[in-house]
**Student:** 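Got a structure for you, questions after.
In what follows, every chain begins at residue 1, and chains take the letters A, B, ... in the order their sequences are listed.
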Number of protein chains: 2
Amino acid sequence: MSSMATVILPSPHDNMTTAAPTGPSSAIDLLRRHSLTSLVQQELERRILAGDILPGDKLNEADVAAELNVSRGPVREAFRALEQAGLVRTEKNRGVFVRQVSLEEADEIYELRAGLDELIGRLAAERASDGQVAELRALVVQMQEAASAKDVDAYYPLNIRFHDRLAQLAGNGTLLAAYRRLINELHLYRRRTLALGHDAFPKSTRQHADIVEAIAARDATLAGELLYQHAMKSRSRLHEALEQVDLQPPPALVRETSKP
Amino acid sequence: MSSMATVILPSPHDNMTTAAPTGPSSAIDLLRRHSLTSLVQQELERRILAGDILPGDKLNEADVAAELNVSRGPVREAFRALEQAGLVRTEKNRGVFVRQVSLEEADEIYELRAGLDELIGRLAAERASDGQVAELRALVVQMQEAASAKDVDAYYPLNIRFHDRLAQLAGNGTLLAAYRRLINELHLYRRRTLALGHDAFPKSTRQHADIVEAIAARDATLAGELLYQHAMKSRSRLHEALEQVDLQPPPALVRETSKP
DNA sequence: TTGTTGCAGATTGTTGACAATCTACAAACC
DNA sequence: GGTTTGTAGATTGTCAACAATCTGCAACAA
């Protein structure tokens, strides 16, 4: 867990001082809402999604506790929440491992995500304001610029932002939470493929623009259909990328993992 | 928490003896997979979904631990998992409460569920075998008999079974898990309305038969549309039921709850 | 009578200790 | 040389104790 040696979780007192700009009631609120458990959970989730901890990696509770300067209890509690959130997997008496999402599972996730994306498109077409549509258009322009410049590091965050914003504009918090959960889970799969190269860079961002225009036109059926197809295309591209690298074992995945 | 005084969680040793029918490897398997934490979680989840513990009820960790004959640690861990599963809500320093799903949240859940139901219908039409379609037909017949007999206690479990089976036949485990989570959450809302009477009994089960026939005909679009409409009708019926009782406070909900 | 303060008890959050289990390695045996 | 057994150390699961926080009630002041 050498990757855990470089980041230190702020203590609750640190949070109190840095949260002060908006007044004492915010600091009180923060302390009211955050236990060590929730802070540990947030930090571990951040690291997992950032790729600082990789799928298959073992999370040693004593090490985590020592590094974050808490006792093992809150770490264990955080593990249970992360497990229920689908980010880690517990093997009794052996430890907790960052969850590995298999190809079959990723298939399912993509399929479900496409279904959610369809609903998102339909609802966003009905509910997004004109200002919000303009916001989407601006994001598409940024993505086009990043794609033209072949700027991978800029493109992917923009893509994530675009889709998350869309999900927000559907105006259904439960849908947004479900969608985000799927995206998090896909990170556990995509991290493996991204480590293998940048084969999934899109040829064009025309689809994004078409989606936004369907929403602007309040055409719910078209918006939903376009988003569904868009999500299914993402899935196909990942399959193709995996087929190309299946013939050589990935050298980056030799860390300690649980048995398959 | 008087409702918790009547049921005792079997100890791990008890499970070992009752799990013996299929041989020692099942007992070993069970011990390998179950910690006190997971057993406590399962038991609490069972009680919540069964309505033995009601939305808004406070779960006292010392009481739970005493009744289930474990220490507070595993109970706390189970609470964290249940919280992440959306079944309880934690207020720091005040305790854990069974989650109450508001009308607004229920609206969202129903809307999302309708979207999932549509996807389920489409996938089931593509993937269900002829034998599985026959199984659905049999369930519909049973539901029709219960409806004719006005047998509420028989009808609702059949209805739940029918829809869960449909979700299974979609052939996507991630979709099934997401669907079940929504159903569990709706229990937190429906328990309140069911306590107010049986106003939501369906007038007819013709919709279920139509859905199954669309699946039998492999008409994915129709099956999806019928299931979507079916789910949206469920939502409308619950709204109507709530409007009828809004004028009188429910006498059953005077137990200790958290402040709103 | 109303509002404020103090305090006891209950409860939650965290910690450290102990027991149980697993893993890796060395020694013994075939 | 290959297999089995035993053991030490690491790690996980649970428990009990302590500290912190909250709640309800009584006493006091205005």
**Student:** Does Lys92(A) or Pro74(A) map to a spot on DNA chain C nearer the 5' end, using the closest nucleotide for each?
**Tutor:**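 That would be Pro74(A).
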
**Student:** CG of Asn60(B) versus P of dG9(C): gap in Å, rounded?
**Tutor:**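 So the CG-P distance, Asn60(B) to dG9(C), works out to 18 Å.
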
**Student:** Does Gly73(B) reach a base, just sugar-phosphate, or nothing at all? Heavy atoms under 4.0 Å.
**Tutor:** nothing

**Student:** Kindly indicate, with the supporting measurements, whether the criterion side-chain contact (heavy atoms from CB on, under 4.5 Å) is fulfilled by Leu36(B) and Leu68(B).
**Tutor:** CA-CA 10 Å; Leu36(B) 292 184; Leu68(B) 303 186; over 6 Å; no

**Student:** Would one find a side-chain N or O of Ser35(B) under 4.0 angstrom from OP1 or OP2 of dT12(D)?
**Tutor:**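 So the side-chain polar atoms of Ser35(B) never come under 4.0 Å of the phosphate oxygens OP1 or OP2 of dT12(D).
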
**Student:** NZ of Lys58(A) versus C1' of dT11(D): gap in Å, rounded?
**Tutor:** 6 Å

**Student:** For dG13(C), does OP1 or OP2 lie under 4.0 Å from any side-chain N or O of Thr37(A)?
**Tutor:**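 The answer is no; no side-chain N or O of Thr37(A) sits under 4.0 Å from OP1 or OP2.
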
**Student:** Rounding to an integer number of Å, can you tell me how far Glu83(B) CD sits from dT12(C) C1'?
**Tutor:**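 Interatomic distance, CD of Glu83(B) to C1' of dT12(C): 14 Å.
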
**Student:** Within the structure, does a side-chain N or O atom of Ser71(B) lie under 4.0 Å from either OP1 or OP2 of dT14(D)?
**Tutor:** no

**Student:** How far apart are the C-alpha atoms of Arg180(B) and Glu45(B), what are their side-chain angles, what is the distance that settles it, and do they pass the salt bridge (charged side-chain N to carboxylate O under 4.0 Å, His left out) test?
**Tutor:** CA-CA 13 Å; Arg180(B) 282 177 173 165; Glu45(B) 181 172 325; over 6 Å; no

**Student:** What is the separation between atom NE2 on His34(A) and atom C1' on dT21(D), rounded to the nearest whole Å?
**Tutor:**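 So the NE2-C1' distance, His34(A) to dT21(D), works out to 18 Å.
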
**Student:** What's the CD-C1' distance between Glu61(B) and dA20(D), to the nearest Å?
**Tutor:**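 From Glu61(B) CD to dA20(D) C1': 13 Å.
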
**Student:** Can you tell me how far C1' of dT23(C) sits from CD of Glu91(A), to the nearest Å?
**Tutor:**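 From Glu91(A) CD to dT23(C) C1': 13 Å.
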
**Student:** Does Arg76(A) make a side-chain N or O approach to OP1 or OP2 of dG13(D) shorter than 4.0 Å?
**Tutor:**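 Checking Arg76(A) against dG13(D): at least one side-chain N or O falls below 4.0 Å of OP1 or OP2.
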
**Student:** Quick one: does Arg72(A) reach the base of dG13(D) with a side-chain donor-acceptor pair under 3.5 Å?
**Tutor:** yes

**Student:** Asp63(B) has an atom CG; how far is it from atom C1' of dT11(C), in whole Å?
**Tutor:** 10 Å

**Student:** Among Glu77(A), Arg76(A), Gln41(A), find the one that has a side chain to side chain contact (heavy atoms under 4.5 Å, CB included) with Arg80(B).
**Tutor:** Glu77(A)

**Student:** Could you pick out which residue, Asn93(A) or Glu77(A), lies toward the 5' side of DNA chain C when each is mapped onto its nearest nucleotide?
**Tutor:**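 Nearer the 5' end of the strand: Glu77(A).
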
**Student:** For Arg94(B) and dT12(C), what is the distance between atoms CZ and P respectively, to the nearest whole Å?
**Tutor:** 10 Å

**Student:** So, do Arg165(B) and Gln132(B) sit near enough that their side-chain heavy atoms are less than 4.5 Å apart?
**Tutor:**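 A side-chain contact exists here, since the closest heavy-atom pair is under 4.5 Å.
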
**Student:** Applying the side chain to side chain contact (heavy atoms under 4.5 Å, CB included) criterion to Phe79(A), which one of Leu59(A), Val40(A), Thr90(A), Leu87(A) satisfies it?
**Tutor:**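 Filter result, single survivor: Leu59(A).
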
